[in-house]
Amino acid sequence: MLWYHDHGMGMTSLNVYAGLAGLWRIGDPADERLGLPRGEFEVPLILQDRTFNPDGSLAYSMTLREGEDTPVVNGKAYPFLTVEPRRYRLRLLNASNERFWRLRFETQPRDAVPEAQLPFWLIGTDSGFRAPLQMLNFLIAPAERYDLIIDFGQVPMGTKVRLVNYHAPVHYPGMPGEGPEIREIMEFRVTEPLSGGGDRSRPPKELRLPTVAPVKPEPHTRRRQWVVYQHKLFRTMTFNAVPFEAPSQDFIEEGSTEIWEYINPNHDAHPMHV
């Protein structure tokens with residue numbers, strides 16, 4: 001699952017905020033043999049935060065404060081999804097301009113599960129599949145993607161499962177943070193009858209996923225460091241003190257392998273997507 005957005009020089013944040021961003025799912029017929037939830041049971045969730053004017057139009061406030069005040073999922077504020085008591089594959093993308101989310105699934109009523117939190121399995125990130133890992137919460141930064149399996153069959157019919165954000169101030173990891181706090185994001189309502197003769201997906205413990213072998217650098221692999229610095233807020237950034245418009249001084253030999261390290265002395269954290 002890929003993440004794309006407009007990158008107009010000097011207008012990236014405004015254009016992304018206006019909606020010029022999204023995800024692109026690339027499928028492989030081989031995936032159909034893995035036993036993962038498919039079709040309507042594979043749900044993409046694009047997480048963003050927005051501020052709205054009284055008439056419902058978007059209010060762009062990034063020049064005034066850090067972070068917005070309303071959660072938006074797939075373009076809707078505070079949405080809900082009715083689900084069956086079965087396993088679902090959730091494909092999450094953090095498409096927020098600057099907000100990190102620390103997420104967990106809370107049940108209502110709270111005693112629907114022993115700890116009031118519904119566990120899930122992490123099966124992939126923006127690097128692709130990984131060995132399934134059971135979790136109760138996770139932190140997702142802008143541009144990052146998480147691939148989850150969650151089993152709504154663990155709770156009684158009629159249970160509401162809320163996707164909740166907690167302890168992730170804007171700007172993360174700044175404390176106490178200067179942006180509006182957002183707690184409840186969306187709701188899953190376990191109200192639909194089980195269809196298709198039951199859940200035929202594989203339990204996460206039994207999944208055998210084709211993970212990508214990590215790249216092993218050779219002893220003399222070239223290493224580059226890139227210092228990303230913004231001399232003044234809302235002004236252009238430099239790489240190794242070179243501005244955006246300057247001719248490139250770095251050329252990579254075809255077929256070679258390099259290790260790139262980004263050094264960020266600025267006040268906010270942000271993943272580097274090349």
Side-chain angles (χ1 to χ4, degrees), residues 1-3 22-47 73-76 78-95 101 103-138 140 144-164 184-213:
M1 190 174 78
L2 303 181
W3 151 235
L23 63 82
W24 186 264
R25 182 191 179 279
I26 299 178
D28 188 325
D31 291 350
E32 299 177 6
R33 299 191 293 269
L34 298 177
L36 298 171
R38 296 164 49 195
E40 63 183 301
F41 309 115
E42 179 182 2
V43 182
L45 299 174
I46 303 177
L47 273 60
V73 182
N74 295 354
K76 293 188 176 184
Y78 300 105
F80 71 88
L81 178 67
T82 58
V83 297
E84 300 180 13
R86 64 189 302 151
R87 286 181 287 272
Y88 279 72
R89 183 181 181 186
L90 304 182
R91 311 292 299 273
L92 283 93
L93 159 68
N94 182 356
W101 305 87
L103 303 174
R104 64 189 179 197
F105 297 89
E106 296 183 354
T107 59
Q108 185 66 35
R110 292 178 60 83
D111 60 359
V113 290
E115 297 184 7
Q117 294 181 43
L118 195 60
F120 57 89
W121 292 80
L122 175 68
I123 63 167
T125 65
D126 32 312
S127 296
F129 284 130
R130 56 147 293 136
L133 175 67
Q134 190 173 36
M135 303 176 70
L136 288 174
N137 59 75
F138 62 95
I140 183 169
E144 284 190 324
R145 282 138 282 158
Y146 271 58
D147 195 347
L148 311 177
I149 300 286
I150 187 166
D151 187 0
F152 294 112
Q154 299 178 77
V155 297
M157 287 291 285
T159 301
K160 296 178 180 179
V161 179
R162 290 174 179 155
L163 181 60
V164 170
E184 294 190 6
I185 299 172
M186 69 170 293
E187 195 170 78
F188 301 89
R189 299 175 182 176
V190 189
T191 57
E192 297 296 311
L194 194 60
S195 64
D199 190 349
R200 298 182 181 179
S201 66
R202 253 183 220 138
K205 288 183 179 180
E206 300 176 10
L207 289 173
R208 298 294 180 265
L209 302 176
T211 57
V212 177

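Nothing fancy with the numbering, it's 1 onward along the sequence. Keep in mind that this is a model prediction, so the values were computed, not measured.
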A.B. asks: Provide the closest heavy-atom pair for E40 versus Y88 in the form atom of the first, atom of the second, distance.
C.D. replies: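 Shortest heavy-atom contact: O-CE2, 4.1 Å.
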
A.B. asks: Does the side chain of S127 reach to within under 4.5 Å of the side chain of V212, using non-hydrogen atoms?
C.D. replies: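 Contact flag for S127/V212 side chains = no.
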
A.B. asks: For residues R89 and F129, report the shortest heavy-atom separation together with the two atoms involved.
C.D. replies: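 Taking R89 first and F129 second, the nearest heavy atoms are NH2-CE2, 3.5 Å.
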
A.B. asks: With F120 as reference, evaluate Y146, F138, F152 under the ring-ring contact (aromatic ring centres under 6.0 Å, His included) test and give the passing residue.
C.D. replies: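 Of the listed options, the one satisfying the test is F138.
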
A.B. asks: Kindly say whether Q117 contributes a backbone atom to a donor-acceptor pair with the side chain of R104 at under 3.5 angstrom?
C.D. replies: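 Flag not set: sc R104 to bb Q117 has no pair under 3.5 Å.
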
A.B. asks: Which heavy atom of I123 sits nearest a heavy atom of L148, and at what distance?
C.D. replies: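 For I123 and L148, the tightest heavy-atom pair comes out as CG1-N, 4.4 Å.
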
A.B. asks: Rounded to the nearest 0.5 Å, how far apart are CG of N94 and CZ of R145?
C.D. replies: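 It is 10.5 Å, given to the nearest 0.5 Å.
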
A.B. asks: Side-chain contact, heavy-atom cut-off 4.5 Å: L36 with D31?
C.D. replies: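 No, too far: nothing below the 4.5 Å cut-off.
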
A.B. asks: Determine whether a donor-acceptor pair (N or O, by modelled atom type, separation under 3.5 Å) exists between the side chain of R202 and the backbone of L34.
C.D. replies: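 At least one qualifying donor-acceptor pair exists.
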
A.B. asks: Atom OG1 of T159 and atom CD of Q108: how far apart are they, to the nearest 0.5 Å?
C.D. replies: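 Result: 9.5 Å between the selected atoms.
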
A.B. asks: Please tabulate, for the side chains in residues 185-199, all donor-acceptor contacts under 3.5 angstrom to protein atoms that are two or more places apart in sequence or on a different chain.
C.D. replies:
residue : atom : partner : partner atom : Å
E187    : OE1  : R189    : NE           : 2.8
E187    : OE1  : R189    : NH2          : 3.3
E187    : OE2  : R162    : NE           : 2.9
S195    : OG   : E84     : OE1          : 3.1
S195    : OG   : E84     : OE2          : 2.7
D199    : OD1  : S201    : N            : 3.0
D199    : OD1  : S201    : OG           : 2.7
D199    : OD2  : R87     : N            : 2.8

A.B. asks: Just to verify, which of L90, V113, L136, V164 counts as forming a side chain to side chain contact (heavy atoms under 4.5 Å, CB included) with F105?
C.D. replies: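 For F105, the side chain to side chain contact (heavy atoms under 4.5 Å, CB included) test succeeds with only one of L90, V113, L136, V164, which is L90.
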
A.B. asks: I would like to know whether W121 and K205 meet side-chain contact (heavy atoms from CB on, under 4.5 Å); could you show each step before the answer?
C.D. replies: CA-CA 9 Å; W121 292 80; K205 288 183 179 180; 3.5 Å; yes

A.B. asks: Between G22 and L93, what is the shortest heavy-atom contact and its length?
C.D. replies: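 So the two residues come closest at O-CD2, 4.0 Å.
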
A.B. asks: Taking all atoms of both residues into account, what is the closest heavy-atom pair of G35 and L207, and its distance?
C.D. replies: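 Closest heavy-atom pair between G35 and L207: O-CD2, 4.2 Å.
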
A.B. asks: For the CZ atom of R91 and the CD atom of E42, what is their distance to the nearest 0.5 Å?
C.D. replies: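 The distance works out to 5.0 Å.
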
A.B. asks: Look at the side chain of Q154 and the backbone N and O of D151, then say whether any donor-acceptor pair between them is shorter than 3.5 Å.
C.D. replies: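 A pair under 3.5 Å: yes.
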
A.B. asks: Would you check if the side chain of N74 reaches a backbone N or O of P44 as a donor-acceptor pair within less than 3.5 Å?
C.D. replies: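 Indeed, once roles are kept as given, a pair shorter than 3.5 Å links the two residues.
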
A.B. asks: For a quick test of reading the model, state the closest non-hydrogen atom pair linking I150 to P119 and the distance between them.
C.D. replies: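 So the two residues come closest at CG1-O, 4.1 Å.
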
A.B. asks: About how many Å separate CZ of R130 and OG1 of T125, when rounded to the nearest 0.5 Å?
C.D. replies: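 So the gap between those two atoms works out to 8.0 Å.
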
A.B. asks: Supply the atom-to-atom distance L103 CG to I140 CD1, rounded to the nearest 0.5 angstrom.
C.D. replies: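 CD1 of I140 is found 7.0 Å from CG of L103.
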
A.B. asks: More than 12 foreign heavy atoms under 6.0 Å from CZ of F80: is that the case here?
C.D. replies: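 Counting other residues, nucleotides and ligands, CZ of F80 stays at 12 neighbours or fewer.
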
A.B. asks: With side-chain contact (heavy atoms from CB on, under 4.5 Å) as the criterion, how do V73 and L163 come out once you've worked through the C-alpha distance, each side chain's angles and the decisive distance to 0.1 Å?
C.D. replies: CA-CA 11 Å; V73 182; L163 181 60; 5.7 Å; no

